[in-house]
Amino acid sequence: MNVAVAAGPGGGGVLRPDGQAARAVAELAGAVRELEAGRPRWVWADTREVYPALLASGVRLTRCHDLTLTEGLLLGYEGRYGEPHSARAAHARLHGLPVPEDHHGPRARQATLFEEEPPPPDADLVAEVHADQLRRIESVEDPGRFRLLVAAESAGALIAAEMGHEGMPWREDVHDTLLTGLLGPRPVHGMRPAKLQALADQVAAAFGTPFNPDSPQQIVRAFKSVGLPVASTRAHEIKKIDHPGVAPLLAYKELARIYSFHGWVWADQWVRDHRFRPEYVVGGVVSGRWATSGGGALQIPKVMRKVVVADEGWTLVVADAAQLEPRVLAAMAGDGGLARAAGQTDLYQALAQPFGGERDNAKLAMLSAMYGGTSGDAPKLLAVMRQRFPRAYQFVEDAARSGEEGRLVRSWLGRTCPPPSARWRELVSGPEGSRAARDRGRFTRNFVVQATAAEWALALMAVLRGLLPAPARLVFFQHDEVMVHCPAELAEEVVAAVDRAAEEATGLLFGPTPVRFPMQALAVRCYADAK
DNA sequence: TAACGGAGCGCC
DNA sequence: AAAGGGCGCTCCGTTA
């Protein structure tokens, strides 16, 4: 059973169950809660516009179909990546009407200040676009997989909203102590923290002239002035230079990053009531990985993990998928030898034997195959891979070839990479053409693996969400890692749920396969204790 | 003054 | 000879 939903102003809305007329309700949350008992699939234009208000009213839903995300997936599949994919845009295309631009991004947001907001989609529009999407899904090469993709992406939208609602535990006091220890007390506006200033002074003294260590250009000039020209100011380059200014400069760069990225100002904006609430963007990365549009949740430095502490009497279950991408490749390529190795807990160790018994060599070979790496020993190791694991090798080679030739590649479930730009087509027939072709080949080579890994992770989360015992909550997700916040006495049950979810996700995507996808799940009081 | 690209580096 | 994929975020310094 599907129920089309449109949220109206003032907490009201319109509901349209399959085969029935739309009906307006004064209090949407209450009406939705009632219907949820029948476990319908909620169909709406955009989860971000409807679900947060429902969550705020205490309503949680099992499943949905997000028209905007689905439209993006379908357009991508149809080779029309990047066209407007809101429900309104989809509706307009259906009727040959002018297609409204998606409004996101700072420029578009500003424009809407002066233009009239488009009216919210109505339930009839929602139902019509949904029907059209279901038709289009039936015409892709493997509708069953694509349906799974749409379900997983939509579940991701629910989860992202729920995680935003719940927030990740974040101890402001521990954060402040950490910052003060590293940087000195919080400075008054416009000043550098004491320890940062002291390092800047040491750098100036070492070079004999003050300069702004935040400026790469000025760093280059400073090294030049002491007779030590540098090609770049990257840490690993600077590290090699023998000069008294190097140590304080590197220390400055490290601390300055913490100060500006995850310092007090950041906390003022993103942390409230002991919770860090970032804004996740489902499918924000072309490969289907999530992105964030604020808070930088996916780039929290490891030193900050000690700030993430479970509430009193609660625990954090932190689980990450081990060696996810090579396992995904093994499952997709149907490479018997690689799949057998991927049946082991340590895939790289299981692979070591053909690579001279060196686990590191096996790892480098796999990474080079998936990333298109060619430096150092990679060519030699790739030759071994080609011989011993021909199907896996051929799988990524085919993806690379498709990219080089300007064709599209797809993930296991059907997420499609963007087509090459007009600029690329120009470049590729010019003098620098081989370089452009190789770059795109590396992109598509990686896409098929990374995008399928993202699908596995999404499926894992969707299954896990359904298995979690109340009041356990997913509170963080980062590519191949999930975090659950739960009462301490539920920890064991949650760890078991993670294992089961990994198994079910594997079955959903790949069916029977010898490849295992082990999750390392640990119950900890503090995130920093998980690694 | 705002916008933008580049540099650099955090995460996977 | 060397050649790694994907992001977000902040700073700088230039340009519009």
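Naming convention: chains lettered A, B, ... in sequence-line order (proteins, then strands); numbering from 1 in each chain.
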Is the centre of the H243(A) ring less than 6.0 Å from the centre of the F207(A) ring?
yes
Mapping S287(A) and A297(A) onto DNA chain C by nearest heavy atom, which one lands closer to the 5' end?
S287(A)
Measure from the ring center of Y280(A) to the ring center of F477(A) and say whether it is less than 6.0 Å.
no
One character per nucleotide, please: for nucleotides 6-12 of chain B, 5' to 3', B when the base has a protein heavy atom closer than 4.0 Å, S when only the sugar-phosphate does, - otherwise.
-SBBBBB
Using 0.5 Å steps for rounding, measure from the CZ atom of R445(A) to the CG atom of L329(A).
10.5 Å
Scan residues 396-422 of chain A against DNA chain C and write down, sorted by residue number, each residue with any heavy atom closer than 4.0 Å; if none is found, say none.
none
Pairwise distance CG(L316(A)) to CE(M168(A)) - rounded to 0.5 angstrom:
9.0 Å
If the condition is ring pair (Phe, Tyr, Trp, His ring centres under 6.0 Å), which residues does Y393(A) pass it with, not counting sequence neighbours?
none
Need one value for E325(A): base, sugar-phosphate or nothing, where a base atom within 4.0 Å counts as base even if backbone is also close, heavy atoms only.
nothing
Please determine whether a side-chain nitrogen of the Lys or Arg among R48(A) and D46(A) lies less than 4.0 Å from a carboxylate oxygen of the Asp or Glu.
yes
Output a table of donor-acceptor pairs, distance under 3.5 Å, between side-chain atoms of residues 295-306 of chain A and any protein atom two or more places apart or on a different chain; print 'none' if there are none.
none

Given the C1' atoms of dA2(C) and dC9(B), what is the spacing between them in whole Å?
23 Å
Any base atoms under 4.0 Å from G295(A), or only sugar-phosphate, or nothing? Heavy atoms, all strands.
sugar-phosphate
Positional range of nucleotides in DNA chain C within the contact set of chain A, heavy-atom, under 4.0 Å:
dA3(C) to dG13(C)
Spacing of D102(A) atom CG and S86(A) atom OG [to the nearest 0.5 Å]:
5.0 Å
Under 6.0 Å between ring centres: does that hold for W170(A) and W266(A)?
yes
Is it the case that the ring center of F510(A) lies less than 6.0 angstrom away from the ring center of W412(A)?
yes
So what does V449(A) touch, heavy atoms closer than 4.0 Å: a base, only the sugar-phosphate, or nothing?
nothing
Residues in side-chain contact (heavy atoms from CB on, under 4.5 Å) with L69(A), at least two apart?
D66(A), E153(A), A157(A), V282(A)
